[in-house]
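Notes for the one structure printed next.
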2 protein chains.
Amino acid sequence: MDATALSDPTPAAARDAVLDGLDAGDVVCVAGRCRVTYEGRASSTLGPGDRLLLLKPDGTALVHTAEGHQPVNWQPPGCDHDAAVVDGELVVHSSRSTPAEELDVRFETVAQLSRYAVTDPAELALEGTEADLKRRVLDEPALVERGFEPRATERETPAGAVDVYGVDEDGNTVVVELKRRRVGPDAVGQLSRYVEALRRDSHEATRIRGILVAPSVTDRARELLAEKGLEFVPVEPVAE
Amino acid sequence: MDATALSDPTPAAARDAVLDGLDAGDVVCVAGRCRVTYEGRASSTLGPGDRLLLLKPDGTALVHTAEGHQPVNWQPPGCDHDAAVVDGELVVHSSRSTPAEELDVRFETVAQLSRYAVTDPAELALEGTEADLKRRVLDEPALVERGFEPRATERETPAGAVDVYGVDEDGNTVVVELKRRRVGPDAVGQLSRYVEALRRDSHEATRIRGILVAPSVTDRARELLAEKGLEFVPVEPVAE
DNA sequence: GATTCTATCTCGCTG
DNA sequence: CAGCGAGGTAGAATC
């Protein structure tokens, strides 16, 4: 991987390095004292301070401070980056349409400007997702309940797609909502919406059960389940 | 802002720079070819590729590729970072408990190692949030409906806290759920939970209305509102 | 620490 | 393109 760094570049040298770097498909990192303004879905201003600005070749911009996982300001992938010297200061501008959003980072001083030729052929292999939980349940439906027979996944209802749709031992319809982690009231609402939608579209006689499958539930979620006549079955996303 | 960069440091020099940097409270950026493993709430592996590793003094770790807003791997603030040379390679390890999570970044090569003395006294001033929408509605309740009188915010119900609670012209109870942007079915479910909870806890005679206040709604959300007998009033989070 | 909910959520998928 | 739901969501407020 190629990497270059300029220390205390002039605003013009910084501008050129930013433009050349983005042109070459590099990731560019600008470190220095700056002010930031954002206008789009919301709007924000950020007074002077030391930060890192990461500009990616896919149009992402990230302004990071010394704290937190999240950037203090950013632009999503797909934006157009530009750099210029305005009033003797490096100004990086990033914008997109739909929705219209603009980010301006104005540097009082640039302490360092780095370029990185970042190429990454590898793909992240992630385990323990909801997809893994679904696979587990389909492989071994008895995890939900003895006699449970899955009939479809992502079955459409007027309220959205049901994770796993099937029938129980007695022939009742079963709607399963999967969650990879401990669930709160929102998941109960989701399951409830699916069950109600199916009940509206079915014969009076048909019994439709709703089962939330997750590692655990909060107290309030459990209360909501009880109120709605829904069930909970504890299952981990991956076997222990 | 102080910034230093080492080009193609030896693993030992890189390790020392990482440890010294973190010790000094700097943000450390390691650029190079690496592999990443994560184990915690889920687990993941990432094969060799060029990436940037940002280590923050608050215990945050971010692994960024050339694409995307999100880091491909990370650790949240509060983790303990460590660096060592293992089998001739720089290995950065970051871990925390509750939940137990570990991240390992093993560098085949380190192209550049930078340290940044990042100090940021400024606070982000953000506008257009749900808090702004709430302020707007409380300042001018007629935005919801002529005669609407807010009586409480964050009023507790068995199903959670209601954004704005009040009464209408006719003395009916009104539950308002605020959303800063266009809403889908989830917000309807949320409002519905609050309304149902209040109905259960109130006299038969009391009429309880649920009003979703947001810039707009999706079609499915509108259908759900109709089914539940809930209402929608369009309001922007900030005046146009 | 656990729970609940917001977020410029982001991301991926589907129509 | 919009809508819908997952996410190692993170972050904040509250209990």
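Chain identifiers are assigned alphabetically (A, B, ...) following the order of the sequence lines, protein sequences preceding nucleic acid strands; residue numbering begins at 1 within each chain.
Here Pro141(B) pairs with Phe148(B), Pro150(B) under the side-chain contact (heavy atoms from CB on, under 4.5 Å) rule; sequence neighbours left out. The side chain to side chain donor-acceptor pair (under 3.5 Å) test applied to Lys56(A) returns His64(B), not counting sequence neighbours. For Gln75(A), there are no side chain to side chain donor-acceptor pair (under 3.5 Å) partners at least two apart in sequence or on another chain. For His69(A), the ring pair (Phe, Tyr, Trp, His ring centres under 6.0 Å) criterion is met by Trp74(B), not counting sequence neighbours. Every residue meeting the side-chain contact (heavy atoms from CB on, under 4.5 Å) condition with His81(B), not counting sequence neighbours, appears here in chain and number order: Leu22(B), Leu55(B), Ala61(B), Cys79(B), Ser94(B). Evaluation of the side chain to side chain donor-acceptor pair (under 3.5 Å) rule for Asp58(B) yields Thr60(B) as partners, not counting sequence neighbours.
Nucleic acid contact for Pro99(A): none, since no nucleic acid atom lies under 4.0 Å from a heavy atom of the residue.
Of all nucleotides in DNA chain D having an atom under 4.0 Å from a heavy atom of chain B, the first and last in 5' to 3' order are dG3(D) to dG11(D).
Taking atom CG of residue Leu124(B) and atom P of nucleotide dT8(C), one finds them 8 Å apart after rounding to whole Å. Counting to the nearest Å, the C1' atom of dC9(C) and the NE2 atom of His69(B) are 7 Å from each other. Residue Glu67(B) contributes atom CD, which lies 13 Å from atom C1' of dC11(C) at whole-angstrom precision.
Taking for each of Gln75(B) and Thr98(A) the nucleotide of DNA chain D with the nearest heavy atom, the 5'-most of the two is the partner of Thr98(A). If you find the closest nucleotide of DNA chain C to Ser97(B) and to Glu101(A), the one lying nearer the 5' end belongs to Ser97(B).
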Just the table, please: protein N/O against nucleotides 4-7 of chain C N/O, every pair under 3.5 Å.
residue: dT4(C); atom: OP2; partner: Thr218(A); partner atom: OG1; Å: 2.7
residue: dC5(C); atom: OP1; partner: Tyr194(B); partner atom: OH; Å: 2.9
residue: dC5(C); atom: OP2; partner: Arg193(B); partner atom: NH2; Å: 3.3
residue: dT6(C); atom: OP1; partner: Glu177(B); partner atom: OE2; Å: 3.0
residue: dT6(C); atom: OP1; partner: Lys179(B); partner atom: NZ; Å: 2.9
residue: dT6(C); atom: OP1; partner: Gln190(B); partner atom: NE2; Å: 3.3
residue: dT6(C); atom: OP2; partner: Lys179(B); partner atom: NZ; Å: 2.8
residue: dA7(C); atom: OP1; partner: Glu130(B); partner atom: N; Å: 2.8

Distance-only criterion, 3.5 Å: show the donor-acceptor pairs between side-chain atoms of residues 212-224 of chain A and protein atoms not counting sequence neighbours.
residue: Ser216(A); atom: OG; partner: Arg182(A); partner atom: NH1; Å: 3.1
residue: Thr218(A); atom: OG1; partner: Ala221(A); partner atom: N; Å: 3.3
residue: Arg220(A); atom: NE; partner: Pro158(B); partner atom: O; Å: 3.1

Identify every side-chain donor-acceptor pair in residues 29-40 of chain A under 3.5 Å, counting partners at least two apart or on other chains, and give the distances.
residue: Arg33(A); atom: NE; partner: Glu108(A); partner atom: OE1; Å: 3.1
residue: Tyr38(A); atom: OH; partner: Arg41(A); partner atom: N; Å: 2.9
residue: Tyr38(A); atom: OH; partner: Ala42(A); partner atom: N; Å: 3.2
residue: Tyr38(A); atom: OH; partner: Glu101(A); partner atom: OE2; Å: 2.4

List, one per line, each side-chain donor-acceptor pair under 3.5 Å for residues 117-128 of chain B, sequence neighbours excluded.
residue: Thr119(B); atom: OG1; partner: Asp50(A); partner atom: OD2; Å: 3.1
residue: Asp120(B); atom: OD1; partner: Arg51(A); partner atom: NH2; Å: 2.7
residue: Asp120(B); atom: OD1; partner: Ala122(B); partner atom: N; Å: 3.0
residue: Asp120(B); atom: OD2; partner: Arg51(A); partner atom: NE; Å: 2.6
residue: Asp120(B); atom: OD2; partner: Arg51(A); partner atom: NH2; Å: 3.2

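With salt bridges taken as basic N to acidic carboxylate O contacts below 4.0 Å, none links Asp139(A) and Arg136(A). Ionic pairing of Arg181(B) and Glu130(B) is not present here: no N-O contact between side-chain nitrogen and carboxylate oxygen is shorter than 4.0 angstrom.
Nucleotides dC11(C) and dG11(D) are separated by 15 Å at their P atoms, to the nearest Å. Using P as the reference atom, dG8(D) and dC4(D) are 23 Å apart when rounded to the nearest Å.
Proximity of residues 27-64 of chain B to DNA chain D (heavy atom under 4.0 angstrom from any strand atom) is restricted to Tyr38(B), Arg41(B), Ala42(B).
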